[in-house]
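Each remark here refers to the structure printed beneath this line.
From a predicted model like this one, the values you see are computed outputs, not experimental measurements. Atom set for the values below is all heavy atoms of this structure, side chains included, hydrogens, waters and symmetry mates excluded. Whatever order the structure lists them in is the order used to number ligands and atoms, beginning at 1.
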Amino acid sequence: MPDRYWRAAEPKDAYDVVIVGGGGHGLATAYYLAANHGITDVCVVEKGWLAGGNMARNTTVIRSNYLWDESAAIYEHSLKLWEGLQGDLDWDVQLSQRGVLNLAHDLGDVRTSRRRVEANRLNAVDAEWLEPSEVAEVCPIVNVSPDLRYPVMGATYQRRGGVARHDQVAWAYATRASELGVDIVEHAEVTGFIVDGNRVGGVDTTRGRIRAGRVALAAAGHTSVLASMLGVRLPLRSHPLQALVSALYEPVLDCVVMSNAVHVYVSQADKGELVMGAGIDPYNGYAQRGSFHVIEQQMAAAVELFPIFAHASLLRTWAGIVDVCPDASPIIDRAPIDGLFLNCGWGTGGFKATPGSGWTYAELIATGASALARPFVLDRFTSGALIDEHGAAAVAH
Ligand SMILES: Cc1cc2nc3c(=O)[nH]c(=O)nc-3n(C[C@H](O)[C@H](O)[C@H](O)COP(=O)(O)OP(=O)(O)OC[C@H]3O[C@@H](n4cnc5c(N)ncnc54)[C@H](O)[C@@H]3O)c2cc1C
């Protein structure tokens, strides 16, 4: 660990690249622009404090067992980067590959889950199908009684999946990018763009005007707000997504368990808190809070699947604003305006993609093309070449 983290930079008048959004994706992009492509005249502008958005609010689940080839490619690339991240950044990001179970509760679930296992294997993504008794071996506190309203009929299991410490990841990318010359400017909200004909030439911020050869959006739930300043309408909906932690609890859970049907995803922090994610609130919103009934339903679902959690007490809830595309896959592309790049639509599941997203976006910005990004073009919503990951992403993470 360094003595000092990133520099608090004063914004210069102009940069080669300005990245809007100092969350995980923006910071990773800045780092890979510098580290992989030698582009260091880069500024990350963040309206709040560094990584105080979704990056600080997610439940840190990492996996790569998505259904379609395009998704498997980018999420598996990301997982491989996770596996080397400690060495690459020389930073303990506390990656814990404790395994991720995705439970199946009806015959439809079983069929689609088994199909996903086969698809994953064809893409060299590690995946196993477990019968209920094997689920109980991996995670003895899951209720596998056949009498449940949603009985556990099996599960997919990705052993290489797990969790990592989200804020350490952000601080690591920020510090290493800063050391390579990237300016990180906090408390600078982008309020408009410098436009010359059909070209974006920089941003107006609450800390002044910054010119840029290229402007790259990485603003998660606020991407469509920013794009609308340029008259660009994106197929994104922004929703609050909530999560919660329990008070300290004895160690009972050493893997990640997710269930679409009952709607629980849970892991246990090293200190002992149970970390659980809820569903998105159905309305669009930008306040980082959600409805209480969503948390109430979440707790009921958790106790149904894990009777032992009835002894836990709720400590804290919070929400982030997630940007969801109609096919539950991201957009990584040039915008229809020259000089502007888009990286958005990661929705409820972009933490796991942080390294892969930053790596790919940096390649696109630096070279104008990226094989991993190519399927995630904006145009797919008119061409129909959708990458429907609702099945893999239903509880999202
Ligand atoms: C409750 C919850 C649980 C989640 N759980 C998981 C999980 O377990 N696994 C998983 O893979 N994913 C999960 N996610 C999703 C994941 O957190 C996001 O997909 C991912 O963090 C988005 O990328 P980011 O880190 O760059 O976003 P953010 O951290 O939100 O970064 C975007 C930044 O842009 C800034 N910004 C916005 N507008 C402007 C502006 N005008 N000017 C300047 N800056 C601006 C924001 O302040 C923010 O800091 C979860 C999300 C939530 C909310």
Side-chain angles (χ1 to χ4, degrees), residues 18-30 43-64 66 75 78-79 82 100 161-164 166-167 169-170 173 185-193 203-207 210 215-229 238-245 256 258 265-267 275-281 286 288-290 294-295 298 317-325 328 330 343-358 361 392-393 395-397:
V18 164
I19 296 170
V20 183
H25 289 224
L27 294 166
T29 305
C43 180
V44 179
V45 285
E46 165 54 49
K47 74 172 178 168
W49 68 95
L50 185 133
N54 293 337
M55 188 61 175
R57 294 159 195 270
N58 61 66
T59 47
T60 76
V61 178
I62 294 170
R63 60 189 178 88
S64 64
Y66 281 66
Y75 287 105
S78 194
L79 183 50
W82 277 114
V100 174
V163 292
H166 45 190
D167 33 22
V169 177
Y173 275 124
V185 179
E186 295 171 77
H187 306 292
E189 178 171 0
V190 170
T191 52
F193 293 87
V203 291
D204 283 318
T205 80
T206 47
R207 292 184 62 179
I210 307 174
V215 174
L217 302 187
H222 285 79
T223 309
S224 53
V225 177
L226 285 156
S228 70
M229 294 176 190
S238 292
H239 294 270
L241 175 67
Q242 298 187 73
L244 58 101
V245 285
V256 180
M258 309 175 67
Y265 48 102
V266 58
S267 65
V275 183
M276 286 185 220
I280 55 173
D281 283 58
Y286 292 94
Q288 286 167 318
R289 50 180 293 188
V294 172
I295 294 294
Q298 174 60 33
T317 71
W318 65 89
I321 305 304
V322 296
D323 44 334
V324 183
C325 272
N343 182 1
C344 54
W346 292 95
T348 57
F351 172 68
K352 66 178 72 64
T354 305
S357 159
Y361 200 29
V395 288
H397 319 284

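Note: no N/O pair closer than 3.5 Å links V20 and ligand 1 by distance alone. In terms of polar-atom proximity, defined here as any N/O pair under 3.5 Å, G350 does make such a contact with ligand 1. For ligand 1, none of its N or O atoms has an N or O atom of W49 under 3.5 Å away. Residue contacts with ligand 1: K47 is placed with a nitrogen or oxygen under 3.5 Å of a nitrogen or oxygen of the ligand (distance criterion only). No N or O atom of G48 sits closer than 3.5 Å to an N or O atom of ligand 1. Between I321 and ligand 1, not a single N/O pair is under 3.5 Å apart. Remark: ligand 1 and N54 share an N or O pair separated by less than 3.5 Å (distance only, no angle test). Of the N or O atoms in G347, one or more lie within a sub-3.5 Å distance of an N or O in ligand 1. Polar contact check, E46 against ligand 1: a nitrogen or oxygen pair lies under 3.5 Å apart. Taking any N or O of M55, backbone or side chain, at least one lies under 3.5 Å from an N or O belonging to ligand 1.
Around atom CZ of R289, no more than 12 heavy atoms belonging to other residues, nucleotides or ligands sit under 6.0 Å away.
Atom numbering of ligand 1 starts at 1 in the shown order; those under 4.0 Å from a heavy atom of T348 are 6 (C), 12 (N), 13 (C), 14 (N), 15 (C), 50 (C). With ligand atoms numbered from 1 in the order given, ligand 1 contributes 10 (C), 11 (O) to contacts under 4.0 Å with heavy atoms of K352. In summary, the atoms of ligand 1 found under 4.0 Å from a heavy atom of G320, numbered by their order in the structure, are 53 (C). Residue contact check: H25 has heavy atoms under 4.0 Å from atoms 23 (O), 24 (P), 25 (O), 26 (O) of ligand 1. For ligand 1, the atoms sitting less than 4.0 Å from at least one non-hydrogen atom of G349 are 10 (C), 11 (O), 12 (N), 15 (C), numbered in the order shown with element in parentheses. Interface atoms of ligand 1 facing Q242, defined by a heavy-atom separation under 4.0 Å, are 1 (C). The distance from ligand 1 to the heavy atoms of A188 drops below 4.0 Å at these ligand atoms: 43 (C). Residue-ligand proximity, V45 to ligand 1, at heavy-atom distances under 4.0 Å covers atoms 43 (C), 44 (N).
Remark: side-chain polar atoms of R63 are not paired, donor with acceptor, to backbone N or O of G162 under 3.5 angstrom. No donor-acceptor pair under 3.5 Å is formed between the side chain of S357 and the backbone N or O of T354. Judged purely by atom type and a 3.5 angstrom limit, Y286 has no side-chain atom pairing as donor or acceptor with the backbone of P240. Although no hydrogens or angles enter the test, the distance criterion places no donor-acceptor pair under 3.5 Å between the side chain of D281 and the main chain of H239. At least one donor-acceptor pair under 3.5 Å links the side chain of H25 to the backbone N or O of G350.
Using a 4.5 Å heavy-atom cutoff, the side chains of L244 and I295 are in contact. Using a 4.5 Å cut-off on side-chain heavy atoms (C-beta onward), Q298 and Q242 make no contact. You'll find the side chain of C344 stays beyond 4.5 Å of the side chain of L217, heavy atoms only. Using a 4.5 Å heavy-atom cutoff, the side chains of M55 and V169 are in contact.
Using modelled atom types and a 3.5 Å distance limit, the side chains of D323 and S224 yield no donor-acceptor pair.
With ring centers used as reference points, W82 lies under 6.0 Å from F351.
Residue contacts with ligand 1, taken as heavy atom pairs separated by less than 4.0 Å, involve A218 solely via the backbone atoms N, CA, C and O. With a heavy-atom cut-off of 4.0 Å, L226 touches ligand 1 through its side chain alone.
Under a 4.0 angstrom heavy-atom cut-off, A51 registers as lying outside contact with ligand 1.
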- prompt: Passes side-chain contact (heavy atoms from CB on, under 4.5 Å), L50 versus V44? Steps please.
  reply: CA-CA 10 Å; L50 185 133; V44 179; over 6 Å; no
